[in-house]
2 protein chains.
Amino acid sequence: MARKTGSHSQITGPRIRDAALRLFAWHGYAAVSMRQIAAEVGVQAGALYLYTPDKQTLLFELMRGHMEELLAAWQAVRKGDGPLAQLEAFARFHIRFHLDRPDAVFIAYMELRNLQPENFARVEALRRAYEDELEAILRDGAAAEVMRVPDTKLATMALIAMLTGVNTWYREGGRLSRERVERIYWNMVRRAVGA
Amino acid sequence: MARKTGSHSQITGPRIRDAALRLFAWHGYAAVSMRQIAAEVGVQAGALYLYTPDKQTLLFELMRGHMEELLAAWQAVRKGDGPLAQLEAFARFHIRFHLDRPDAVFIAYMELRNLQPENFARVEALRRAYEDELEAILRDGAAAEVMRVPDTKLATMALIAMLTGVNTWYREGGRLSRERVERIYWNMVRRAVGA
DNA sequence: GGCATATCTGAACGCGCGTTCAATTCCAAG
DNA sequence: CTTGGAATTGAACGCGCGTTCAGATATGCC
C-alpha cells in the first residue's frame, strides 16, 4: 500500500519511470497495469497521464533512454590502442554496464515485441548501432590478423549473446567477484576470436 | 477468420497447443487471450476448457513439453568418445535443436516469469538438468586437461547463452547455411574453452 | 490573505478478459 | 432410425483494463 498524504512533489516523473522500470522488468509490460505503477508511486492512475501520454510511450521512453545511455557510455570509454585492447575494453564495459542495470537490460531484450512498429524500429536502430561498434573492432582485428573470425556478423552476435548472458546468473555478493567474472569472460572472448 | 463448419475433429487438442505456441511466442503470454487462441483454432473460447483446465496450465504444459523433448533428444544423441567430441556433439545438437523450434525456445526463455511458483520450479529443474549435462562435459575436459575452464559453472552459462543466441539472428535461407553456422560456432566454443 | 497555476483525485467510460454452464449439435454404435 | 455420449456453442458472470476529465487541493508569488 502506498502513502496517503496529499503532499505534492516535484519528482513524480522520475519516480514513475523507476516504478515502471522495476514492474515491467519483473512482471512484463502486458501484465503490469497503470494502476499498479501509480500505486507504487503513491498516486492515482490518472496522475500518470500528466507525465506520459500513454502506457506505450512510457515503455518506449524507458527503452530508448537505456539504449542511448548504453551508446553514450561506450563512447565515453577509454579504449586503448589496437583491436585487442579495444575488444577487451568492450567486453569489460559490456559486462559492467549490464550488471549495473539488470532491470533496464531485461526490458530492452524482452519487451521489444510490445513496441509499436515505429518505436520498435527506433530501438532496433540503436541496438544495431551498438552491435556495429563491436563488429568494427572484429573487422579491424581480422584485417590486422590478430583475430581469426570467419564471419564478423556471426561473431558479433555470438559474443554479445555470451556477454549479455551474465545477467541471467550473476548475483551480487555471490561466489565470484565482478572483476573475476570480467576477467574470465574476457579470456573466453579473446580465445573465441582466436587471439 | 476461422472456419465456420460445425464438423467435429479429433485433433483439436494438438491444434490448440500449436496455436498457443505460436501466439505466445509472437505476442507474449499475457498479451494473448483465450479468445484469440480459440479463433486461431476455429472454435469458441469455451471449447478450450475441454482440453486445458486454464490458461496457466496451457503455458506450463508447453514449456514442460519443450524441456522434456530437449532432454530426451540430447539423451538420444550419439556423443562420441572423450570430452572434446562430446562438447562438439553438444554444441551442434544445441544449435540444431533450437533452430528447429524457435517459438518453443522463445517461450521457454521469455515466459518463465508468467509461471506460478510451483510450475516455475519444475521448469527450472529441467533447465538445470540440461545445463548440468554441459557442465559435466566441461568438468571432464578440465580434469583430463584438454580444456582450460577456470570456472565450469560460469563457462556453462556463457556457452549456452552464446549457442542459444543463434536463434535471435539466424533466418532460414539466409547468408549462412546451418552446417556453416554450426561449424563456426563449434570453433568458437572449442577455442573459448582453450581446446 | 488572495490568487494563479501546477498537481492530483475519484468517478466514470466502454471494453475485453478468464472462466462457467445449460443447451445444442454431431457422430458412431446398435 | 434411434440413442447415448462426446464435442461445441453462445451467452453470461464479475472484474480489471487504459484513458479521460471535472473538480478538489496544494504551492509559490503578490
Side-chain angles (χ1 to χ4, degrees), chain A residues 1-24 26-63 107 111 113-116 118-119, chain B residues 1-24 26-63 107 111 113-116 118-119:
Chain A
M1 194 49 59
R3 71 207 181 93
K4 286 250 163 87
T5 90
S7 76
H8 291 185
S9 92
Q10 310 94 309
I11 53 154
T12 305
R15 301 228 295 141
I16 290 172
R17 284 194 290 278
D18 286 358
L21 191 74
R22 196 169 51 250
L23 288 170
F24 288 167
W26 277 67
H27 308 293
Y29 171 77
V32 171
S33 73
M34 294 300 267
R35 284 170 178 84
Q36 285 172 56
I37 298 168
E40 199 82 357
V41 177
V43 111
Q44 294 299 314
L48 301 183
Y49 291 84
L50 295 169
Y51 301 93
T52 184
D54 49 40
K55 191 188 177 191
Q56 162 78 200
T57 303
L58 184 52
L59 173 64
F60 169 64
E61 288 299 337
L62 288 176
M63 296 178 68
I107 290 175
E111 304 294 357
R113 61 182 167 191
N114 288 308
L115 290 176
Q116 290 161 0
E118 186 202 318
N119 293 339
Chain B
M1 191 51 62
R3 71 209 181 93
K4 286 249 163 87
T5 91
S7 76
H8 292 186
S9 91
Q10 310 93 310
I11 53 155
T12 305
R15 300 227 297 140
I16 290 172
R17 284 194 290 278
D18 285 359
L21 190 75
R22 196 169 51 249
L23 289 170
F24 288 166
W26 278 67
H27 308 293
Y29 172 78
V32 171
S33 73
M34 293 300 267
R35 283 171 179 82
Q36 285 172 58
I37 298 169
E40 198 81 357
V41 177
V43 114
Q44 294 298 315
L48 302 183
Y49 291 84
L50 295 167
Y51 302 91
T52 185
D54 50 41
K55 192 187 178 192
Q56 162 78 201
T57 303
L58 184 52
L59 173 63
F60 170 63
E61 289 299 337
L62 288 176
M63 297 179 68
I107 290 176
E111 303 295 357
R113 61 184 168 191
N114 288 307
L115 289 176
Q116 290 162 359
E118 187 202 318
N119 292 340

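Letters A, B, ... mirror the listed sequences (proteins, then strands); counts begin at 1. Quick caveat: nothing in here was measured; it's all calculated off a predicted structure.
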K.L.:
Between P on D:dG10 and CD on B:Gln44, what's the gap in Å once rounded to a whole number?
P.N.:
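Between P of D:dG10 and CD of B:Gln44: 5 Å.
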K.L.:
Out of A:Asp54, A:Leu58, A:Ile37, which residue meets the side chain to side chain contact (heavy atoms under 4.5 Å, CB included) rule with A:Leu48?
P.N.:
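The passing option is A:Ile37.
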K.L.:
Counting only side-chain heavy atoms from C-beta out, which of D:dA7, D:dT9, D:dT19 sits nearest to B:Ala47?
P.N.:
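From the listed options, D:dT9 comes nearest.
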K.L.:
Tell me the closest heavy-atom pair linking A:Val43 and A:Ala47, and the distance in Å.
P.N.:
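Closest heavy-atom pair between A:Val43 and A:Ala47: CG1-CB, 3.7 Å.
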K.L.:
With the threshold set at 4.0 Å, does a side-chain nitrogen-carboxylate oxygen contact exist between A:Glu111 and B:Arg113?
P.N.:
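B:Arg113 and A:Glu111: salt-bridged.
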K.L.:
Is A:Gln36 touching bases, backbone alone, or none of the nucleic acid, heavy atoms closer than 4.0 Å?
P.N.:
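Result for A:Gln36 = sugar-phosphate.
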K.L.:
In whole Å, I'd like the distance from the CD1 atom of A:Ile37 to the P atom of D:dC17.
P.N.:
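To the nearest whole Å, that distance equals 11 Å.
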K.L.:
Starting at the 5' end of DNA chain C and moving along, which residue's nearest nucleotide shows up first, A:Leu48 or B:Val32?
P.N.:
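Upstream on the strand: A:Leu48.
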K.L.:
Using whole Å, what does the distance between atom C1' of nucleotide D:dG16 and atom NE2 of A:His27 come to?
P.N.:
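My rounded result for the distance is 16 Å.
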K.L.:
Would you mind reporting whether B:Leu59 and B:Ile107 have side-chain heavy atoms less than 4.5 Å apart?
P.N.:
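Result yes, sub-4.5 Å side-chain heavy-atom pair found.
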K.L.:
Please determine, for the side chain of B:Arg35, which listed nucleotide (D:dT8, D:dT19, C:dT19) has the closest atom?
P.N.:
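Of the options given, the side chain of B:Arg35 lies nearest C:dT19.
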K.L.:
Using whole Å, what does the distance between atom P of nucleotide C:dC17 and atom OH of B:Tyr29 come to?
P.N.:
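Distance, rounded to whole Å: 13 Å.
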K.L.:
Using OP1 and OP2 only, check whether a side-chain N or O of A:Ser33 sits under 4.0 Å from D:dC17.
P.N.:
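For D:dC17, OP1 or OP2 has a side-chain N or O of A:Ser33 closer than 4.0 Å.
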K.L.:
Whole angstrom is fine here: how far is it from NZ in B:Lys55 over to C1' in C:dT20?
P.N.:
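Spelled out: NZ on B:Lys55 to C1' on C:dT20 is 17 Å.
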K.L.:
Measure CG/A:Leu58 against C1'/D:dG18 and give the value in whole Å, please.
P.N.:
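In whole Å, D:dG18 C1' and A:Leu58 CG are 12 Å from each other.
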K.L.:
Can you check the B:Met34 CE to D:dT9 P distance for me, whole Å?
P.N.:
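About 14 Å, once rounded to whole Å.
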K.L.:
To the side chain of B:Leu50, which of D:dT20, D:dA7, C:dT19 is closest?
P.N.:
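The listed nucleotide nearest to B:Leu50's side chain is D:dA7.
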K.L.:
Output yes when at least one side-chain N/O atom of A:Thr12 is less than 4.0 Å from OP1 or OP2 of C:dT7, else no.
P.N.:
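Answer no for this pair, as no side-chain N or O of A:Thr12 is under 4.0 Å from OP1 or OP2.
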K.L.:
Counting only side-chain nitrogens and oxygens, does B:Tyr51 get under 4.0 Å of the OP1 or OP2 atom of D:dT8?
P.N.:
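For B:Tyr51, the contact criterion (side-chain N or O under 4.0 Å from OP1 or OP2 of D:dT8) is met.
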K.L.:
With a 4.0 Å cut-off, would you call B:Arg22 and B:Glu40 a salt bridge?
P.N.:
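Here B:Arg22 pairs with B:Glu40 in a salt bridge, since their nearest N and O are under 4.0 Å apart.
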K.L.:
Starting at atom CD1 of B:Ile16, determine the distance to atom C1' of D:dA7, rounded to an integer number of angstrom.
P.N.:
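In whole Å, D:dA7 C1' lies 11 Å from B:Ile16 CD1.
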